[in-house]
Peer 1: 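First the structure, which I've put down as structure tokens, then a few questions once you've had a look.
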Amino acid sequence: MIVCKTKKELSEALRAGRNGKSVGFVPTMGALHAGHASLFERARAENDLFVASVFVNPIQFNNPDDLKNYPRHFEADSELLRENGCDIVFAPSEEEMYPKGEAVKSYSFGTLETVMEGARRPGHFKGVGVVVGLLFELVEPDRAYFGEKDFQQVAIIQDLVRQMGIKTQIVPCPIKRADDGLALSSRNALLKPEDRAKAPYIHATLKKSTEMAEKSCREIKEWVERRITAVPEMKLEYFEIARPHDLQPLRPDAAAKGNVGFIAVWMGNVRLIDNIRY
Ligand code: PAF
């Protein structure tokens with residue numbers, strides 16, 4: 001595995017390794033876990049060359065404490081990447097990624113970025129768009145892999161590819177869960193043990209709510225909100241049911257079936273998100 005710290009090293013490694021081969025790319029912010037590993041397995045299996053990036057992107061954090069506390073352990077990350085057959089990893093510094101005085105290309109995502117995560121985390125998707133746009137320009141992948149835990153991010157990236165006019169195929173990958181149902185996330189490591197023990201209740205509630213799929217969004221919303229707000233350790237930020245293709249919320253009297261439920265919950269100072277299909 002070649003570790004590249006600079007854009008120049010990356011382009012040299014790609015030039016030497018590519019030779020007409022297909023490139024699969026997994027961008028990450030490190031703190032890698034089994035959820036990432038499932039993306040790595042696919043990228044490895046479906047492409048000749050498997051490239052990953054590890055970069056905690058400061059401009060997508062709307063909360064300075066979240067950025068400060070974001071787990072970072074590059075040694076363990078590179079070990080996991082090596083074990084998963086990664087050929088090239090790009091791990092730039094902040095200065096390398098965003099040289100002072102150099103303008104970045106920025107994208108707008110219309111109503112995709114004004115709902116749910118976009119509404120609660122101002123600037124988040126702009127920051128994601130900038131960094132993934134830059135990474136796509138550098139790596140020029142044939143396929144790029146993203147986890148569906150960040151369902152809205154997948155829609156944003158699909159729109160980004162359309163705006164950039166590139167051929168990269170975006171491959172959404174199913175959410176990976178711990179045995180107790182909690183969606184895997186780098187932030188889970190920050191949960192207090194007692195909160196970690198209760199956190200699976202989020203997925204259990206969403207899963208149970210699929211039994212109500214024929215009912216109205218209003219009924220499901222009220223039911224989920226009631227269950228989550230009854231847990232003293234949980235602070236519900238939102239639960240919305242939206243259309244999978246454009247993420248726009250449904251009318252309260254519309255049936256949930258065929259749509260997706262999205263949730264964000266705070267436990268202590270850790271923010272957890274999850275989603276479920278109806
Ligand atoms: O999903 C993530 O880890 C990040 O948002 C991404 C896509 C690597 C961009 O920084």
Side-chain angles (χ1 to χ4, degrees), residues 27-36 39 54-73 109 112-132 146-157 172-178 180-207 209 221 224-242 247 249 260-276:
T28 81
M29 297 205 299
L32 304 176
H33 49 68
H36 294 106
L39 309 184
V54 174
F55 177 62
V56 181
N57 177 32
I59 63 168
Q60 74 182 72
F61 285 80
N62 55 308
N63 174 341
D65 284 338
D66 191 22
L67 174 61
K68 196 173 85 208
N69 297 332
Y70 201 82
R72 292 163 172 89
H73 18 76
F109 301 102
L112 281 181
E113 63 178 331
T114 57
V115 293
M116 298 184 291
E117 291 301 285
R120 271 76 179 196
R121 303 185 61 191
H124 168 64
F125 287 127
K126 281 263 178 307
V128 170
V130 168
V131 81
V132 177
F146 293 86
E148 283 190 325
K149 183 174 76 67
D150 299 300
F151 195 102
Q152 193 171 359
Q153 173 169 274
V154 177
I156 293 276
I157 303 295
C173 300
I175 301 178
K176 270 277 176 203
R177 300 187 178 279
D180 58 16
L182 179 65
L184 295 185
S185 162
S186 305
R187 291 188 174 84
N188 293 353
L190 305 172
L191 287 167
K192 286 187 281 182
E194 55 276 30
D195 287 347
R196 172 64 189 81
K198 292 209 169 145
Y201 185 76
I202 299 169
H203 173 61
T205 299
L206 294 187
K207 198 164 163 214
S209 76
K221 204 164 178 278
V224 169
E225 286 174 356
R226 210 167 36 245
R227 297 243 317 183
I228 299 291
T229 48
V231 182
E233 293 82 359
M234 290 185 181
K235 202 166 139 269
L236 178 66
E237 191 170 288
Y238 67 83
F239 172 71
E240 307 277 2
I241 301 175
L247 302 180
V260 182
F262 296 89
I263 198 164
V265 175
W266 286 91
M267 297 194 80
N269 55 8
V270 183
R271 188 172 182 278
L272 302 173
I273 61 169
D274 204 344
N275 60 75
I276 198 115

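Heavy-atom basis, side chains included; hydrogens, waters and symmetry copies ignored. Since the model is a prediction, treat every value here as computed from it, not as a measurement.
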Peer 1: With heavy-atom distances below 4.5 Å as the criterion, would you say the side chains of Ile276 and His203 are in contact?
Peer 2: yes
Peer 1: Identify the residue among Ile241, Leu247, Asn275 that makes a side-chain contact (heavy atoms from CB on, under 4.5 Å) with Val260.
Peer 2: Asn275
Peer 1: Ion pair present between Asp180 and Arg196, side-chain N to carboxylate O less than 4.0 angstrom?
Peer 2: yes
Peer 1: Examine distances only and state if a side-chain atom of Gln152 and a backbone atom of Leu112 form a donor-acceptor pair shorter than 3.5 Å.
Peer 2: yes
Peer 1: Are side-chain heavy atoms of Pro27 and Phe146 found at a separation under 4.5 Å?
Peer 2: yes
Peer 1: Tell me whether Arg271 is salt-bridged to Glu117, with the criterion being a basic N under 4.0 Å from an acidic carboxylate O.
Peer 2: yes
Peer 1: Can you find a pair of side-chain heavy atoms, one from Phe239 and one from Ile202, that are under 4.5 Å apart?
Peer 2: no
Peer 1: Would you name the heavy atoms of Leu191 and Ala199 that are closest together and state the gap between them?
Peer 2: CD1-CB, 4.2 Å
Peer 1: Could you tell me whether the side chains of Glu225 and Tyr238 share a donor-acceptor contact shorter than 3.5 Å?
Peer 2: no
Peer 1: How about Gln60 and Lys126: do any of their side-chain heavy atoms sit closer than 4.5 Å?
Peer 2: no
Peer 1: Shortest non-hydrogen contact from Ile273 to Ala264?
Peer 2: CG2-CB, 3.9 Å
Peer 1: Do Asn188 and Leu272 make a side-chain contact, defined as non-hydrogen atoms from C-beta onward lying under 4.5 Å apart?
Peer 2: yes
Peer 1: Can a donor-acceptor pair be found, under 3.5 Å and without considering hydrogens, that links the side chain of Ser186 to the backbone of Ala31?
Peer 2: yes
Peer 1: If you look at every heavy atom in His36 and Gly30, which pair is closest and at what distance?
Peer 2: CE1-O, 3.8 Å
Peer 1: Report the C-alpha separation of Glu113 and Arg120 in whole Å, then their side-chain angles, then the decisive distance to 0.1 Å, and conclude whether the salt bridge (charged side-chain N to carboxylate O under 4.0 Å, His left out) test is met.
Peer 2: CA-CA 10 Å; Glu113 63 178 331; Arg120 271 76 179 196; over 6 Å; no
Peer 1: List the residues meeting salt bridge (Lys or Arg N to Asp or Glu O under 4.0 Å) with Arg177, not counting sequence neighbours, and say none if there are none.
Peer 2: Asp274
Peer 1: Apply side chain to side chain contact (heavy atoms under 4.5 Å, CB included) to Arg72 and list each qualifying residue two or more places apart in sequence or on a separate chain.
Peer 2: Val56, Leu67, Tyr70
Peer 1: How many angstroms lie between CG in Asp195 and CD in Glu233, if you round to the nearest 0.5 Å?
Peer 2: 6.0 Å
